[in-house]
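Right, one structure below, let's go through it.
All values below were derived from every heavy atom in this structure, side-chain atoms included, with hydrogens, water molecules and symmetry-related copies excluded.
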Amino acid sequence: MAARGLGLLTSLPLRAQRSQVQRPLRRLLSCPGTVVAALGKEEQSSGSAETGSEDRTPKKRFSEVQKERREQAQRTVLIHCPNKISEKKFLKYLSQHGPVNSHFFYESFGLYAVVEFSQKESVASLQNVTRTPSLGTEAAIPFRSRYFNLKLKTPLNQTSEQSSIQCRNQSSPSSKKLFELLCCAESVDDQLNTLLREFQLTEENSKLRYLTCSLIEDVAAAYFPGCTVRPFGSSVNSFGKLGCDLDMFLDLDEIENFSTHKASGNFLMEFQVKNVPSERIATQKILSVIGECLDHFGPGCVGVQKILNARCPLVRFSHQASGFQCDLTTNNRIALKSSELLYIYGALDSRVRALVFSIRCWARAHSLTSSIPGAWITNFSLTVMVIFFLQRRSPPILPTLDYLKTLADAEDKCIIEGHNCTFVRDFNRIKPSGNAETLELLLKEFFEYFGNFAFNKNSINIRQGREQNKPESSPLHIQNPFETSLNISKNVSQSQLQKFIDLARESAWILHQEDRDRLSPSNNQPWGLAALLLPSVANSTSLAKKKKKPASERIKNLLESIKSSSTENSTATNG
């Protein structure tokens, strides 16, 4: 969301000089009133971010993380609190029902607390002493959820205790703060890692996302006992930024798995069910009922829309307490598998996430992506393009999907709706890359690679990690990793693709120019990633309608001349 305002950066003071930027980051940490102070905590963890291959600490499997988060969410409650509250007394009151593992406060439409108990029984104990409110002239619909409203019998006067409550931030930094951080960084690599730290989902935000899914699951379980509501997409694939939508799907396959036990003797018991003509109609009926249920009975669920005629039917709503915009589908298991694949790619090399976040931020700053459906490139398409680019490096930074498939064993085998979604799930078995290129080089090469990519005839395919002939006439063709007959970028128009190419060439040119002028003593302009987020020169030139070559062609020629002169200088120096 913060990236939405990046087009306004021209109005900000741009006096950060490159010579000042080079002073040690530790001195900046002591500056009062700057956001840079928040970076001190994570200085150690980012030490290996430049090469990425050094960061080989064992990480948990995607399925293990999902299981732990779900169990955690089932022991957690969401409480709307009064503005004046004693945190100490609040926790003492809750601990009557059992030990509290963790808690945090945040602000949405009021003050909220997320409280995780050590045992699931503590939630039931709290529910047993909770009453349905009396609303006077209105009537309350009774529903025993885990979303509570706390009231004080007598107002508190302990302002000192109230002020001790610290709310955890659930939103990304403003454009101004982000710009300050980027201009105060020590290098382009540091800029990319800074942006990643500021935009990535926090631990608290991830907990809140799983809790929201768990609360929706409680509503759906009234109709489908034993069902599961699982988050997928940006919320779980490690590429989600603060403020992103919450995609979730109602998993009914778990219910079917209950009946897989061997039948005893000659008897086979089946449920009596309603029959409908197709799977799609069944999905539409299920989502229609769940949508009605959320609209009428779901606490905090507002603005419910049933979009049932889409290619993938869904229910869209806002969860007021968490502040998330939610999309609920059903049995969307391929999407969850895609989330797991991206999670693995993000965990293999620490440069991957930093590069993806920066490219996405760059695209949003120039209106290449949008939260409104249309002809724009999506974040998923951009992420796949980054993965493909990293597969094409020499040596490759990321393996192809086909290679991950060869490493899979019997327990990794996965066929969904006839599509082979098999790949190794234990990424600790994948050999690390020997590539040690910096983020600065990768950023520059990404723009140059796709600024000169033959989109008119080639397709992007991360299964094989090589360019292939396009099977259709869409301007941009990116093969779906699992449903290989689908193009995930079919919506992108020719004009939007051309805009992407123009901006990529311009960004490569800006970074090449910085390489030439790096030793300049009087550089008062924004530099590195900060310079790339400013409004485009190519766009303003095309708006002027001058009778010249297109801006992107001129920039392409400039790039080639810069590279050739660099080569000549290198040859002369060597001679």
Side-chain angles (χ1 to χ4, degrees), residues 62 230 232-234 237 239 247 249 251-253 277-284 287 307-314 327 329-345 356 369 373-392 398-408 412-425 450 453-494 496-497 500:
F62 182 78
R230 301 182 187 277
F232 69 94
S234 296
N237 64 17
F239 294 100
D247 295 314
F249 79 94
D251 189 356
L252 301 177
D253 287 352
S278 70
E279 189 75 30
R280 180 176 174 83
I281 293 174
T283 296
Q284 290 172 327
L287 287 177
I307 308 171
L308 303 178
N309 291 322
R311 190 182 75 85
C312 184
L314 63 99
D327 285 349
T329 58
T330 181
N331 288 345
N332 199 357
R333 300 188 71 82
I334 285 186
L336 186 65
K337 204 65 182 171
S338 297
S339 303
E340 182 175 9
L341 178 64
L342 294 189
Y343 173 83
I344 288 174
Y345 276 131
V356 167
T369 57
W376 298 275
I377 297 175
T378 64
N379 280 333
F380 181 48
S381 293
L382 284 173
T383 305
V384 173
M385 290 172 80
V386 173
I387 291 170
F388 180 77
F389 164 73
L390 295 177
Q391 290 173 339
R392 302 285 297 163
L398 291 178
T400 65
L401 179 52
D402 281 350
Y403 177 72
L404 295 181
K405 183 181 172 184
T406 63
L407 298 179
D412 294 323
K413 187 175 180 181
C414 179
I415 307 294
I416 302 174
E417 299 168 8
H419 301 287
N420 193 336
C421 304
T422 302
F423 55 84
V424 62
R425 291 180 293 169
F450 282 111
F453 190 84
F455 290 106
N456 60 327
K457 62 178 183 179
N458 287 337
S459 169
I460 294 168
N461 175 3
I462 65 169
R463 287 204 75 93
Q464 298 179 2
R466 58 187 177 87
E467 302 161 12
Q468 292 183 317
N469 291 331
K470 279 202 299 188
E472 59 176 54
S473 59
S474 298
L476 175 60
H477 190 280
I478 304 175
Q479 187 187 72
N480 187 301
F482 300 120
E483 298 176 87
T484 53
S485 62
L486 297 181
N487 173 14
I488 65 172
S489 55
K490 195 176 180 67
N491 62 303
V492 180
S493 66
Q494 182 61 49
Q496 283 296 312
L497 176 60
F500 171 84

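In this view, K490 and E472 satisfy the salt bridge (Lys or Arg N to Asp or Glu O under 4.0 Å) rule, not counting sequence neighbours. Every residue meeting the salt bridge (Lys or Arg N to Asp or Glu O under 4.0 Å) condition with D402, not counting sequence neighbours, appears here in chain and number order: R463.
The shortest distance between side-chain heavy atoms of N469 and N458 falls below 4.5 Å. Residues R311 and L486 form a side-chain contact, since some pair of their non-hydrogen atoms from C-beta on lies under 4.5 Å apart. Residues V386 and F239 are not in side-chain contact: their nearest non-hydrogen atoms beyond the backbone lie 4.5 Å or more apart. Within the 4.5 Å cutoff, the side chain of L382 has heavy atoms near those of the F500 side chain. Residues Y345 and Q391 are in side-chain contact: their nearest non-hydrogen atoms beyond the backbone lie under 4.5 Å apart. Side-chain contact between N379 and S234 is absent, with no heavy atoms from C-beta onward closer than 4.5 Å. Contact of the F453 side chain with the L476 side chain is not registered, since no non-hydrogen atoms from C-beta on lie closer than 4.5 Å. Contact check for H477 versus Q468: no side-chain heavy atoms found under the 4.5 Å cut-off.
Nearest heavy atoms, F423 versus L401: CB-CD1, 4.0 Å. Contact detail for H419 and F482: the closest heavy-atom pair is ND1-O, 3.8 Å. In plain terms, the two heavy atoms of V384 and I488 that are nearest each other are CG2-CD1, 4.0 Å. When all heavy atoms of K470 and F455 are compared, the closest pair comes out as NZ-O, 3.0 Å. Residues N332 and F249 share a closest heavy-atom pair of N-CD1, 3.4 Å. For T378 against T369, the heavy-atom pair with the smallest separation is C-CG2, 4.4 Å.
Other residues, nucleotides and ligands contribute over 12 non-hydrogen atoms within 6.0 Å of the CD atom of Q464.
Between the side chain of D247 and the main chain of D327, no donor-acceptor pair closer than 3.5 Å is present. Looking at T422, its side chain does come within 3.5 Å of a backbone N or O of C414 through a donor-acceptor pair.
Distance check: L398 CG to I462 CD1 gives 9.5 Å after rounding to the nearest 0.5 Å. Rounding to the nearest 0.5 Å places CG of L497 at 11.0 Å from CZ of F450. How far CD1 of I281 is from CD of Q284: 6.5 Å, rounded to the nearest 0.5 Å. Summarising the geometry, atom CE belonging to M385 is positioned 4.5 Å from atom CD1 belonging to I460; distances are rounded to the nearest 0.5 Å. Annotation: the span from R230 atom CZ to D251 atom CG amounts to 5.0 Å, rounded to 0.5 Å. Rounded to the nearest 0.5 Å, atoms CD (Q479) and OG (S489) are 11.0 Å apart.
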Check your understanding: Which is it for S339 and F62 under the side chain to side chain contact (heavy atoms under 4.5 Å, CB included) test, yes or no, and what are the steps along the way?
Key -> CA-CA 9 Å; S339 303; F62 182 78; 4.2 Å; yes
Practice item. List the steps, then state whether side chain to side chain contact (heavy atoms under 4.5 Å, CB included) holds for T383 with N237. Key: CA-CA 11 Å; T383 305; N237 64 17; over 6 Å; no
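In the model, S459 has no side-chain atom that pairs as donor or acceptor with a side-chain atom of N461 under 3.5 Å.
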